[in-house]
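Below is one structure; the comments refer to it alone.
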Amino acid sequence: DSLVLLAVFVPALLITREREAGTLEHLFVTPIRPIEMIIGKGLLAFSVAYVGFLGMLGLLAFHFRIPFHGSMGLLIGLTGFYILVEMGWGLLISTVAQTQGQSLMGAYILCVVEIILSGRVLPVEFMPRLTQVVSVVMPNRHFTAILRGIMLKEYVLADLWPQVIALGVLGILLYTAAAIRLRKRM
């Protein structure tokens with residue numbers, strides 16, 4: 001759950017911090033496009049979240065000796081993909097919020113909802129139908145299925161295509177929405 005926090009909170013603050021510092025306008029007059037600015041700002045957030053994940057994975061494997069049955073390489077690769085998608089929510093929040101406080105509150109609320117709807121607290125199939133539908137737009141739901149599949153059931157990539165495709169579609173939608181919101185601000 002700390003992975004979702006890192007992947008959403010850090011990007012949520014990136015553009016908002018620039019706006020509060022008054023340097024966002026300086027970025028707008030440069031020749032970079034909104035999507036390039038989002039990618040540039042997102043590299044830091046990705047690095048922080050990914051290093052955090054690798055640290056947690058190491059702690060689980062070596063300190064707690066949690067059994068791992070699937071492909072470590074597949075898990076590491078799909079986690080990077082998941083972080084990129086999850087960052088889209090944080091970047092979208094940062095284009096909507098006016099202050100860092102609003103960004104933090106929006107990211108916090110989103111993370112709590114994502115954790116609840118991910119299927120970790122209560123299996124998705126036991127949730128009310130409307131809640132199940134809403135949970136489809138939460139990247140954490142799809143990553144939870146990937147994590148369980150790889151670690152517990154030794155799934156390979158062919159078994160995980162529905163989740164990978166869902167994450168890809170969410171990523172495209174989130175980054176597109178963030179770029180459109182940022183362009184409107186310009």
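Since the model is a prediction, treat every value here as computed from it, not as a measurement.
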To the nearest 0.5 Å, what is the distance between [atom1] ([X]) and [atom2] ([Y])?
X: Met105; Y: Thr99; atom1: CE; atom2: OG1; result: 10.0 Å
X: Met87; Y: Leu174; atom1: CE; atom2: CG; result: 11.5 Å
X: Leu167; Y: His142; atom1: CG; atom2: NE2; result: 6.0 Å

Pairing residues for [X] by the side-chain contact (heavy atoms from CB on, under 4.5 Å) criterion, not counting sequence neighbours:
X: Phe9; value: Leu5, Leu104, Ala107, Tyr108, Cys111
X: Val51; value: none
X: Val137; value: Leu170

**Item:** Sub-4.5 Å side-chain heavy-atom contact between Glu114 and Pro139
**Value:** yes
**Prompt:** Any side-chain heavy atom of Leu92 within less than 4.5 Å of one from Arg181?
**Reply:** yes
Got a sec, which residues hit side chain to side chain donor-acceptor pair (under 3.5 Å) with [X], two or more places apart in sequence or on another chain?
X: Glu154; result: none
X: Arg17; result: none
X: Gln102; result: none

Extract all donor-acceptor atom pairs below 3.5 Å that involve side chains of residues 54-61 and protein atoms in other chains or at least two apart in sequence.
none

**Item:** Criterion side-chain contact (heavy atoms from CB on, under 4.5 Å) on Thr16 and Ile93, from CA distance to verdict
**Value:** CA-CA 9 Å; Thr16 313; Ile93 288 169; over 6 Å; no
Any link between [X] and [Y] through a network of hydrophobic side chains (Ile, Leu, Val, Met, Phe, Trp, Tyr) touching at under 4.5 Å?
X: Ile146; Y: Met72; value: yes
X: Ile165; Y: Val136; value: no
X: Leu160; Y: Val156; value: no

**Message:** Ile150 vs Leu78, test: side-chain contact (heavy atoms from CB on, under 4.5 Å). Steps then yes/no.
**Reply:** CA-CA 10 Å; Ile150 292 173; Leu78 289 179; 4.1 Å; yes
So which atom in [X] and which in [Y] form the shortest heavy-atom distance, rounded to 0.1 Å?
X: Thr95; Y: Ala178; result: CG2-O, 3.7 Å
X: Thr79; Y: Leu3; result: CG2-CD2, 3.9 Å
X: Glu20; Y: Gln98; result: CG-O, 4.1 Å
X: Val113; Y: Met138; result: CG1-CE, 3.8 Å

**ring pair (Phe, Tyr, Trp, His ring centres under 6.0 Å) partners for Phe53, two or more places apart** = none
**Request:** Indicate yes or no for a side-chain donor-acceptor contact from Ser103 to the backbone of Ala12 under 3.5 Å, with no hydrogens or angles considered.
**Result:** yes
**Message:** So does Leu147 get a backbone contact from the side chain of Tyr155, meaning a donor-acceptor N/O pair under 3.5 Å?
**Reply:** no
**Item:** side chain to side chain contact (heavy atoms under 4.5 Å, CB included) partner of Trp89, the single match among Asn140, Val4, Leu110
**Value:** Leu110
**Message:** Suppose the criterion is ring-ring contact (aromatic ring centres under 6.0 Å, His included): which pairs have a residue in residues 54-85, not counting sequence neighbours?
**Reply:** Tyr82-Phe143
**Request:** Return each pair, listed once, that meets side-chain hydrogen bond (donor to acceptor under 3.5 Å, both in side chains) where at least one residue sits in residues 157-167; pairs must be two or more places apart or across chains.
**Result:** none
**Sequence-distant partners of Arg148, salt bridge (charged side-chain N to carboxylate O under 4.0 Å, His left out), two or more places apart** = none
Side chains of residues 123-135: which donor-acceptor partners sit under 3.5 Å, not counting sequence neighbours?
from   : atom 1 : to     : atom 2 : distance (Å)
Arg129 : NH1    : Gln132 : OE1    : 3.1
Gln132 : NE2    : Val124 : O      : 3.2
Gln132 : NE2    : Glu125 : O      : 3.3
Gln132 : NE2    : Met127 : O      : 2.7
Ser135 : OG     : Gln132 : O      : 2.7
Ser135 : OG     : Arg141 : NH1    : 2.8

